Structure formats: C-alpha cells, structure tokens
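Reviewing the structure listed below.
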Protein chains: 2
Amino acid sequence: MTENERKRRVRRLPREVRERQITDAAVEVFSRHGFHNASMDEVAEVAGVSKPMVYAYLGSKEELFAACIQREAQRLLQAIAEGVRGDVEPDMQLWTGLRSFFHFVGQNRSSWTVLHRQALSVGGEFAEEISQMRARSIELVAALVVASGTRKGVGAQAEKSGEALAAALVGAAESLADWWLDHPDISDDVLASWLMNLVWLGFGDLVEGEAWSPKDLTPPA
Amino acid sequence: MTENERKRRVRRLPREVRERQITDAAVEVFSRHGFHNASMDEVAEVAGVSKPMVYAYLGSKEELFAACIQREAQRLLQAIAEGVRGDVEPDMQLWTGLRSFFHFVGQNRSSWTVLHRQALSVGGEFAEEISQMRARSIELVAALVVASGTRKGVGAQAEKSGEALAAALVGAAESLADWWLDHPDISDDVLASWLMNLVWLGFGDLVEGEAWSPKDLTPPA
DNA sequence: CCGCCAATCTACTCGCGAGTAGGTTAGTCT
DNA sequence: AGACTAACCTACTCGCGAGTAGATTGGCGG
C-alpha cells in the first residue's frame with residue numbers, strides 16, 4: 001500500500017506545483033473539518049506530501065488558512081465581476097450577479113464552505129478579511145439599490161436602510177447557497193431566479209401571480 | 001485581589017444556582033472566543049468557580065456547549081413563539097415573528113452569537129441541532145408563504161421554491177441581525193420593518209414608493 | 001458542640017497536534 | 001561520472017488545555 005503509493009506518486013515536482021496542490025488540499029480539509037479540527041497532518045496527507053513540506057512552502061497553520069481564504073475570496077469575487085453586466089438596468093445587474101454567485105458556489109462547494117462557514121468563526125485576521133469582502137459586496141448591492149431611485153416609505157434613514165437591505169440580500173443569497181447544499185438537484189439559474197423574484201417583487205407580488213424574468217441580453221453571456 | 005474576591009464571593013451555593021451561573025458564563029465565553037478558542041479555565045473564572053465544579057455540574061466541554069446551545073435555542077424559539085400572532089393575516093404573522101426575533105437578538109447578543117456563528121462551525125452534534133432549529137423556523141415561514149396562496153411564475157416546483165424562499169428569508173433575517181451588531185443605533189422595530197418591506201414588497205415596489213405597514217392589532221401585543 | 005456530606009479548591013496527568021532537526025534521495029549541470 | 005542542490009522524508013520536541021485525584025472547608029442535623 002505505502003509501497004504502491006510511493007511508486008505511483010509523481011515525485012520531485014517544482015515548488016509552484018506543490019504549493020497549488022497543498023493549497024487545494026487545505027481548502028478541502030478546512031472545508032470538511034473547520035480550521036481548528038483540521039490537522040496539518042491531514043492536509044499533508046491529502047496533498048500527498050509530508051508535513052514539513054507544508055511548513056516549508058506555506059508557513060504556519062494560520063498562514064496556510066489565510067492563503068486559502070485569500071485565494072478563494074479572490075476567485076469568488078472575480079467570478080462575479082466577470083459575470084455581472086455593468087451596462088444594463090439595475091435589475092439585470094442584480095440578476096447577472098446572483099447568477100454568477102450561485103454558479104461559482106455550485107462549482108466550488110469547498111471554497112464556499114471555507115469562506116462562509118469557517119472563516120468567520122476563527123476570528124481575528126480572517127474574520128476581518130472576510131468581513132471586508134462581504135462589506136464590498138454589500139456596498140455594490142447597496143449602490144444598485146440606491147441607484148434604482150429614492151426609496152420612500154422607509155423613513156428618513158434612506159442611506160442606512162439601503163445598506164441594511166443590501167446586507168439582508170447578501171445574507172439571503174448566502175443562506176440560499178447553504179440550503180442548496182442540501183438540495184443539489186436544482187440548477188443555479190433556477191435558484192438565482194427564485195431569489196431574484198423574492199427581492200425584486202417580494203412575497204406580496206408573488207402571491208398575486210406576478211413574476212420577474214430576465215430580458216434577453218444582446219449577446220447572451 | 002484574590003483575597004478580596006475570595007471574601008466577597010458568596011460561597012456554598014446550591015447546585016441549581018451554580019449551574020445557572022456556569023451556563024451563563026459559558027454562553028458569554030463561547031460567544032467571545034468560539035468553541036475551540038474558549039477554555040474551560042476561562043469559563044470557570046468568569047463563572048467565579050473552579051474548573052472541577054464545571055466538570056462536576058455540566059460534564060465535558062462538549063456537553064457544556066450543548067447545554068448552552070439547547071438553552072439558548074429554547075429561549076429564542078420561545079421568545080418568537082410568544083411574540084407571534086397565530087390568529088392574523090400571513091403578513092402580520094410574519095411581521096410579529098420578525099419583530100420578536102430582532103427584539104430577542106437585541107436583548108441577547110451573546111446568545112445570538114453562540115447560536116448563529118459558533119454552533120455551525122463546530123460540526124457534528126451541534127451543527128445538527130442548530131440545523132434542526134433553523135429547519136423548524138424555515139418550515140414555519142414556508143408554511144406562511146404557501147398559505148398565502150399558490151405562487152405562479154416560479155414554475156412547477158412550487159413546494160420547493162416555497163422552502164427555498166423561506167430559507168432565503170431566514171438567512172436575510174440572520175444576516176441583518178449580524179449587520180445590526182455593527183450598527184446598534186437602530187431600533188429592533190425599524191430593522192424588522194425594513195426587512196418586512198423587502199420581502200413583502202421587494203425592491204421593485206420599494207423604488208416606486210410603495211410601503212408595507214402593520215395594521216393595528218386589536219389588543220396591542 | 002461534633003461529625004458528616006456536599007460544595008469547593010489546588011495541583012496534578014496526559015494526549016493531541018503544531019512545529020522542527022537533521023538525514024536522504026533524485027534530478028541537473030559540467 | 002561526480003557533485004551540488006532542491007525536493008522530500010522520518011522521527012522527534014514541546015506547550016497547551018481537557019479532564020481528574022484527593023485534600024479541605026463550611027454549614028446543617030443531632
């Protein structure tokens with residue numbers, strides 16, 4: 001067994017490649033057990049290297065975790081940035097953003113788990129970084145909301161309510177992504193359209209049979 | 001210092017009281033550091049007893065955490081159950097539920113932090129319990145949504161979409177509660193009404209100046 | 001006023017996992 | 001071929017914190 005693995009395993013790979021492998025393994029392991037319950041030994045095992053390699057290349061456990069967070073956050077934000085259309089109506093911007101988000105989560109469950117569930121609970125540096133990422137998303141969404149026009153009916157605190165609503169929306173998306181993990185037999189597009197209907201029209205319209213649907217984009221993304 | 005504390009401290013209290021004190025301390029400590037970073041020594045110190053007492057009364061660290069989760073979950077659910085009106089229109093039910101929820105969170109930040117942020121990240125038993133509590137909430141909300149009428153426009157998966165929308169709503173409320181922790185200068189009622197407007201009317205109506213507002217309940221709860 | 005037990009403490013053990021010291025190959029360049 | 005270095009491993013140390021053994025003290029029934 002150990003013999004076989006040793007023979008099968010490609011050896012003496014360049015540092016660059018090993019770092020990738022190790023980070024991949026770390027995301028996997030952290031997503032499964034969380035930061036604290038994950039052991040460096042397991043990361044090393046999953047990566048197919050021995051523990052000192054992990055330390056040599058990625059540093060301490062915290063540094064490794066930070067590397068995971070940063071890489072995955074980067075990937076998520078970029079995926080959304082690439083998917084969103086800046087040159088269309090606010091509702092379509094929201095729609096494209098949501099779609100990209102759910103698509104990414106669908107393709108990268110581990111990444112999402114690490115970013116959403118684990119990073120916050122570790123506290124300190126990481127929570128900070130994650131909070132900032134969330135804050136940026138919320139800002140963007142808030143801008144969308146505000147750009148849609150002045151909200152009447154929410155009192156004088158229009159700016160704050162915009163931010164709060166954005167926070168609520170982002171949270172709804174996150175929560176829906178979590179719910180999705182238990183109901184994988186639904187496509188990302190369907191999920192996105194449900195949420196889109198909820199936040200754009202609200203239950204009030206939904207129960208009256210209204211529905212929002214995307215206009216065709218000139219070049220289908 | 002130690003002398004003073006020793007003299008000031010009320011000693012030889014009945015078990016019942018000590019258990020309460022310890023559990024209170026544990027909620028506090030777990031909410032500050034999370035399950036793993038919290039030490040039993042600190043719990044004991046905050047509770048004003050020594051470590052063996054904690055073990056004698058509440059068992060292992062995991063059992064202690066479980067006790068916290070269960071007690072706080074119970075309190076939260078009961079607070080909501082007491083606040084919600086079962087004999088009114090769906091929108092008013094939702095409104096009263098949201099209000100109770102935010103009110104509880106406002107009065108019990110530590111409880112909320114433990115339940116929301118920490119419990120999920122520990123995994124195993126606890127995540128299970130928390131998930132079940134969330135699931136129950138989601139079910140209730142889903143029932144509300146479905147009771148409001150048949151949703152057209154969301155395709156054939158009406159039942160599933162109801163559950164998903166409920167998950168999204170619960171997530172939105174949770175997220176908004178978190179956001180609130182950073183913006184405490186807002187009342188629970190205002191917060192609840194913002195969310196109510198969002199999910200009931202949606203952005204689409206909000207930007208057009210529509211607003212939802214609660215009808216007066218016959219006896220003001 | 002005395003013994004008895006529950007309440008409580010001090011002062012340990014012990015395992016687990018982060019982090020490391022130092023040796024061992026395998027490519028590579030001349 | 002031979003040596004030089006980067007890749008890589010085995011096999012440790014060591015601190016931290018969960019959990020415990022056993023002594024101690026205060027209050028209550030007799």
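Only this structure's heavy atoms are used, side chains among them; waters, hydrogens and symmetry mates stay out. Model, not experiment: these values are computed from the prediction.
- Between the P atom of D:dT10 and the OH atom of A:Tyr55 lies a distance of 16 Å, rounded to the nearest Å.
- Between A:Arg12 atom CZ and D:dC8 atom C1' the separation is 5 Å, expressed in whole Å.
- Across the protein-nucleic acid pair, A:Lys61 atom NZ and C:dT20 atom P stand 15 Å apart, rounded to whole Å.
- Nucleic acid contact class of A:Met53 (heavy atoms, under 4.0 Å, all strands): base.
- At whole-Å resolution of the value, CG in B:Asn37 and P in C:dA18 are 13 Å apart.
- Within 6.0 Å of the CZ atom in A:Arg15, the count of heavy atoms belonging to other residues, nucleotides or ligands exceeds 12.
- The side-chain hydrogen bond (donor to acceptor under 3.5 Å, both in side chains) check on B:Glu82 picks up B:Gln78, with sequence neighbours excluded.
- Annotation: proximity of residues 21-35 of chain A to DNA chain D (heavy atom, distance under 4.0 Å) is found for no residue.
- Closest to the B:Ser39 side chain, of the nucleotides C:dC9, C:dG19, D:dA18, is D:dA18.
- Using a 4.0 Å cut-off, no side-chain N or O of A:Arg18 falls inside it from OP1 or OP2 of D:dA6.
- Taking atom CD on A:Glu42 and atom P on C:dC16, their separation rounds to 15 Å, with Å as the unit.
- The distance between the ring centers of B:Trp112 and B:Phe101 falls below 6.0 angstrom.
- For the pair A:Glu63 CD and C:dA18 P, the interatomic distance rounds to 14 Å; values are reported in whole Å.
- Remark: P of C:dT10 and CD of B:Glu45 are 12 Å apart, rounded to the nearest angstrom.
- Residue contacts for B:Ala44: at a heavy-atom cut-off of 4.0 Å it reaches no nucleic acid atom on any strand shown.
- Here the side chain of A:Tyr57 is nearest to one of D:dC9, D:dA7, D:dG19, namely D:dA7.
- With distances taken from any side-chain atom of A:Ser50 to the nucleotides C:dC9, D:dA18, D:dC9, the minimum falls on D:dC9.
- Ranking C:dT10, D:dG19, C:dG19 by closeness to the B:Ser60 side chain, first place goes to D:dG19.
- Listed in residue order, the members of residues 64-71 of chain B having a heavy atom less than 4.0 Å from DNA chain D come to none.
- In this structure, CG of B:Asp41 is placed 14 Å from C1' of D:dG15, rounded to the nearest angstrom.
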